[in-house]
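In what follows, a single structure is set out as structure tokens and then discussed.
These values consider heavy atoms only, across backbone and side chains, with no hydrogens, waters or symmetry-generated copies.
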Amino acid sequence: QRTDDKGRKSFRLEICNGEGVAHQIRITRRSNVRAFLKWVNKYQAECQTSCPAPHSSSGLLDFMETRWREWLKRPDICRRVERTAVPAFLEAMANHPSPQQVTVLNSLVKQTSETRFESCQVNGSKITLKSPHVIFQWDSATMAEAWLIQCGCACGEELLEMYDTDNRLMASVACRGITPAMERLLPTLN
């Protein structure tokens, strides 16, 4: 909880790793504050200055890497795209009439939201997608590869997935209703 110089209170949930804040969720007027405070009261812990040693993270990360390796064998449904073209593509997605589902992952948290993004700001290597309900931000400098993958069903949806240098998924955008002009913003590499 923070109080500004005018006495207004704000709340946020910070998830930290050994190097500082790894993920942050801000509580806004539209948030369900009662549910948030109930969760905080139930799970709050004493302030700790050190973290316990991390346990093995097999689950989701292993699943993602296995899936990525399988896609490498399927050029009929996936294609590697120029990673430096991703920011311009995301800027073209802003104000697109269809909602997009965005997932951002880091070593601690996976966050997914489906919304219509009003803006995409690129400031150096920082990419920020904003909607009235959620803000996603990540550093594209850590992106090593980007892939466009066709969904397996008849929906025509494609997934833009961004991977870091360790082949870990860092962000994913389910692209609905992208136009041929938007698709041309992502040159194929394979």
Side-chain angles (χ1 to χ4, degrees), residues 15 17 22-26 57-180 182-190:
I15 301 169
N17 60 15
H23 193 74
Q24 185 178 95
I25 299 171
R26 292 187 181 152
S57 59
S58 55
L60 178 65
L61 295 178
D62 284 348
F63 168 76
M64 293 294 186
E65 186 170 343
T66 301
R67 188 182 67 162
W68 176 77
R69 290 186 190 284
E70 288 298 316
W71 279 339
L72 291 177
K73 302 173 193 172
R74 297 282 318 266
D76 58 319
I77 63 165
C78 70
R79 60 188 173 102
R80 189 170 173 206
V81 295
E82 177 57 54
R83 67 178 179 79
T84 58
V86 168
F89 176 78
L90 293 174
E91 285 179 314
M93 295 292 286
N95 285 314
H96 191 274
S98 299
Q100 309 303 319
Q101 180 175 315
V102 175
T103 300
V104 175
L105 295 96
N106 62 28
S107 60
L108 295 174
V109 170
K110 172 184 174 251
Q111 183 178 359
T112 300
S113 182
E114 184 170 330
T115 188
R116 195 172 152 272
F117 289 94
E118 295 177 346
S119 71
C120 174
Q121 298 170 345
V122 179
N123 185 4
S125 63
K126 299 280 189 217
I127 297 174
T128 304
L129 287 172
K130 292 184 177 183
S131 81
H133 310 292
V134 66
I135 297 172
F136 283 106
Q137 186 175 56
W138 67 92
D139 187 351
S140 66
T142 61
M143 183 184 359
E145 295 182 4
W147 292 80
L148 203 56
I149 300 122
Q150 291 178 339
C151 180
C153 70
C155 70
E157 183 175 289
E158 292 191 89
L159 301 170
L160 171 63
E161 295 200 338
M162 294 150 267
Y163 291 85
D164 66 13
T165 54
D166 294 322
N167 299 328
R168 289 183 304 224
L169 181 66
M170 52 187 288
S172 172
V173 180
C175 306
R176 297 187 180 106
I178 58 175
T179 65
M182 291 166 66
E183 194 167 348
R184 282 191 292 275
L185 290 170
L186 291 171
T188 302
L189 294 180
N190 57 344

Of all heavy-atom pairs between L185 and A92, which one has the smallest distance, and what is that distance?
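Heavy-atom minimum between the residues: CD1-CB, 3.6 Å.
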Using every non-hydrogen atom in the two residues, find where V81 and W147 come nearest and quote the distance to one decimal.
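In terms of heavy atoms, the two residues are closest at CG2-N, 4.1 Å.
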- Query: Do side-chain atoms of T128 reach the backbone of Q137 as a donor and acceptor pair under 3.5 angstrom?
  - Reply: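 Between the backbone of Q137 and the side chain of T128 there is no qualifying donor-acceptor contact (under 3.5 Å).
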For this session: Decide yes or no for V86 and L186: does some side-chain heavy atom of the first lie under 4.5 Å from some side-chain heavy atom of the second?
Result: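 Yes, their side chains come closer than 4.5 Å.
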Could you walk me through whether V173 and M162 pass the side-chain contact (heavy atoms from CB on, under 4.5 Å) test, one step at a time?
CA-CA 9 Å; V173 180; M162 294 150 267; 4.2 Å; yes
How far does [atom1] of [X] sit from [atom2] of [Y], to the nearest 0.5 angstrom?
X    : Y    : atom1 : atom2 : result
D139 : I127 : CG    : CD1   : 8.5 Å
M143 : T165 : CE    : OG1   : 12.0 Å
C175 : I149 : SG    : CD1   : 9.5 Å

Who are the side-chain hydrogen bond (donor to acceptor under 3.5 Å, both in side chains) partners of T112, not counting sequence neighbours?
->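 T112 satisfies side-chain hydrogen bond (donor to acceptor under 3.5 Å, both in side chains) with T103 once adjacent residues are dropped.
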Counting only pairs under 3.5 Å, give me each side-chain donor-acceptor contact of residues 113-123, with atom names and distances, residues two or more places apart or in other chains.
residue: E114; atom: OE2; partner: R176; partner atom: NH1; Å: 3.4
residue: T115; atom: OG1; partner: S131; partner atom: OG; Å: 3.3
residue: R116; atom: NE; partner: H96; partner atom: O; Å: 3.0

Worksheet item: Do you know which of R74, K73, R79 makes side chain to side chain donor-acceptor pair (under 3.5 Å) with D76?
Response: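 Single pass found, and it is R74.
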